[in-house]
Participant: 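Pasting a structure here, questions to come.
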Amino acid sequence: MKSITIKGSKRESVGKVATKALRNAGMVPCVIYGGDKPIHFSAEEKAFKNLVYTPNVYTASIDVDGQKIPAILQDIQFHPVSDRILHVDFYQLFDDKEITMNIPVKLVGKSKGVAIGGALRHNLRKMRVKALPANLPDFIEADITELEIGNKLYVTELKNDKYSILHPDNTVVAQVRMSRNASKAATQEAEA
């Protein structure tokens, strides 16, 4: 999985006044959980652009005063009016400990049903996956080539040995439905 480096510096005080002063200086207060004790630090708001405002999923390599900590984005809080980042929570990664993440689903191939006028519906854009950090994929490929009108692609067809998918087996990832144009064409054929 791709990683983004975020440089930060440890926070001395953690109260309301210090946090407000940080935000006014264009910094974002952050915390890393999962280790022996939480690590409080601050980083520039611009550093989160590639991590937050993207459909892709990344791990973060957080550089806090020279100490690199691998982590994933756990939670983020935005200002209700200005949409600026108020606070970010990270969860520390360990090579031997499984984690759960939402991974994007990428549809590949040309569907037979769409070629004859069906409408493709992408029902599940992200899937909840549990795996060791080394086995986390950048995205999950879903091949829709064999889908005809009325067919569905289920989660069971995307199973992998490296990670486990945390959705019920009957969850639909994508489906090809009858479109208005296809139904009109079918009616005209029946009349002829």
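Only a predicted model underlies this, so the values are computations on that prediction, with no experimental measurement involved. What's counted below: heavy atoms across the whole structure, side chains too, no hydrogens, waters or symmetry copies.
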Participant: Quick one, E157 with K159, criterion side-chain contact (heavy atoms from CB on, under 4.5 Å). Give me CA distance, side-chain angles, the key distance, then yes/no.
Facilitator: CA-CA 6 Å; E157 297 171 49; K159 294 228 184 258; over 6 Å; no
Participant: Looking at I32, T59, L93, which one forms a side-chain contact (heavy atoms from CB on, under 4.5 Å) with P70?
Facilitator: L93
Participant: Just so I know, are the side chains of D89 and Y33 near enough to count as touching, which here means a heavy-atom distance under 4.5 Å?
Facilitator: yes
Participant: Show your reasoning for whether side-chain contact (heavy atoms from CB on, under 4.5 Å) applies to R84 and V28.
Facilitator: CA-CA 9 Å; R84 288 184 62 196; V28 177; over 6 Å; no
Participant: How many angstroms lie between SG in C30 and CD1 in I62, if you round to the nearest 0.5 Å?
Facilitator: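 Reported to 0.5 Å precision, the distance equals 7.0 Å.
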Participant: If you count every heavy atom of other residues, nucleotides or ligands that lies below 6.0 Å from D95 atom CG, does the total exceed 12?
Facilitator: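 Incorrect, the count does not exceed 12.
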Participant: Can you see which heavy atom on T145 is nearest to which on G109, and at what distance?
Facilitator: OG1-CA, 3.7 Å
Participant: Could you tell me if the side chain of S61 sits less than 4.5 Å from the side chain of I6, heavy atoms only?
Facilitator: no
Participant: Where do M1 and Y58 come nearest, in terms of heavy atoms and distance?
Facilitator: SD-C, 4.3 Å
Participant: In Å and rounded to the nearest 0.5 Å, what is the CE to CG distance from M101 to L166?
Facilitator: 13.0 Å
Participant: Kindly give the heavy-atom pair with the smallest separation between V173 and A142, and that separation in Å.
Facilitator: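 That would be CG1-CB, 4.5 Å.
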Participant: Specify the closest pair of heavy atoms between Y163 and L158, including all atoms of both residues, with the distance to one decimal.
Facilitator: OH-O, 4.2 Å
Participant: Taking the six-membered ring for Trp, are F90 and F48 parallel (under 30°), tilted (30 to 60°) or perpendicular (over 60°)?
Facilitator: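 Correct class here is parallel.
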Participant: Counting only heavy atoms not in K37 (residues, nucleotides, ligands), do more than 12 fall under 6.0 Å from its NZ?
Facilitator: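 Open.
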Participant: Could you give the distance from CD (E146) to NZ (K112), rounded to the nearest 0.5 Å?
Facilitator: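 Answer rounded to 0.5 Å: 4.0 Å.
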Participant: Please confirm whether the backbone N or O of V129 pairs with a side-chain atom of N102, one donor and one acceptor, at under 3.5 Å?
Facilitator: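 No, the answer is negative, given that no donor and acceptor are paired below the 3.5 Å cut-off.
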Participant: Can you tell if the side chain of K7 reaches within under 4.5 Å of the side chain of V64, non-hydrogen atoms only?
Facilitator: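 Not in contact.
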Participant: Is there a continuous path of hydrophobic side-chain contacts, each under 4.5 Å between heavy atoms, that joins I69 to I99?
Facilitator: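 Per the 4.5 Å side-chain linkage, I69 and I99 are not co-clustered.
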Participant: Within 45 degrees of the ring normal and closer than 6.0 Å to the centroid, is that where the cationic atom of K106 sits relative to F139?
Facilitator: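 Yes - K106 lies over the ring of F139, closer than 6.0 Å to its centre and within 45° of its axis.
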Participant: Report yes or no: does S111 contribute a side-chain atom to a donor-acceptor pair with the main-chain N or O of L147 at less than 3.5 Å?
Facilitator: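 A pair under 3.5 Å: yes.
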Participant: Would you confirm whether T54, through its side chain, and L51, through its main-chain N or O, come within 3.5 Å as a donor-acceptor pair?
Facilitator: no
Participant: If you round to the nearest 0.5 Å, how far is CG of L132 from CD of E98?
Facilitator: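 Answer rounded to 0.5 Å: 5.0 Å.
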Participant: Taking atom NE2 of H167 and atom OG1 of T156, what is their separation to the nearest 0.5 Å?
Facilitator: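 These two atoms lie 13.0 Å from each other.
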Participant: Pair M27, E45 - check side-chain contact (heavy atoms from CB on, under 4.5 Å), show working.
Facilitator: CA-CA 5 Å; M27 304 293 273; E45 193 171 1; over 6 Å; no
Participant: Please identify each residue that fulfils salt bridge (Lys or Arg N to Asp or Glu O under 4.0 Å) with D36, with sequence neighbours left out.
Facilitator: none
Participant: So does D143 pair up with K110, basic N to acidic O under 4.0 Å?
Facilitator: no
Participant: Could you tell me which non-hydrogen atom of K97 sits nearest to which non-hydrogen atom of Y91, and how far apart they are?
Facilitator: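 In terms of heavy atoms, the two residues are closest at NZ-OH, 3.3 Å.
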Participant: In the single-linkage hydrophobic clustering (I, L, V, M, F, W, Y; side-chain heavy atoms under 4.5 Å), do V52 and I4 co-cluster?
Facilitator: yes
Participant: So if you build clusters from Ile, Leu, Val, Met, Phe, Trp, Tyr with side-chain heavy-atom gaps below 4.5 Å, do Y154 and M127 land together?
Facilitator: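 Each belongs to a different hydrophobic cluster.
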Participant: Would the number of heavy atoms belonging to other residues, nucleotides or ligands and lying under 6.0 Å from NZ of K20 be above 12?
Facilitator: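 No, NZ of K20 has 12 or fewer neighbouring heavy atoms, counting only those of other groups under 6.0 Å.
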Participant: Does R128, at its CZ atom, have more than 12 non-hydrogen atoms belonging to other residues, nucleotides or ligands within less than 6.0 Å?
Facilitator: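 Yes, CZ of R128 has more than 12 neighbouring heavy atoms, counting only those of other groups under 6.0 Å.
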Participant: How long is the straight-line distance from CD of Q92 back to CD1 of I72, given to the nearest 0.5 Å?
Facilitator: 11.5 Å
Participant: Same cluster for I116 and L120 if Ile/Leu/Val/Met/Phe/Trp/Tyr side chains link at under 4.5 Å?
Facilitator: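 They do share one cluster, since a chain of ILVMFWY contacts under 4.5 Å joins I116 to L120.
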Participant: Name the one of I140, I165, V105 that satisfies side-chain contact (heavy atoms from CB on, under 4.5 Å) with V155?
Facilitator: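 Result: among I140, I165, V105, I165 is the only option passing the side-chain contact (heavy atoms from CB on, under 4.5 Å) with V155.
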Participant: Under a 4.5 Å cut-off applied to non-hydrogen side-chain atoms, are L107 and H122 in contact?
Facilitator: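 Touching, per the 4.5 Å side-chain cut-off.
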Participant: Which atom names give the shortest non-hydrogen contact between N56 and P104, and what distance separates them?
Facilitator: CA-CG, 4.4 Å
Participant: With a 4.5 Å cut-off on side-chain heavy-atom distances among I, L, V, M, F, W and Y, is there a chain of contacts connecting V88 to Y53?
Facilitator: yes
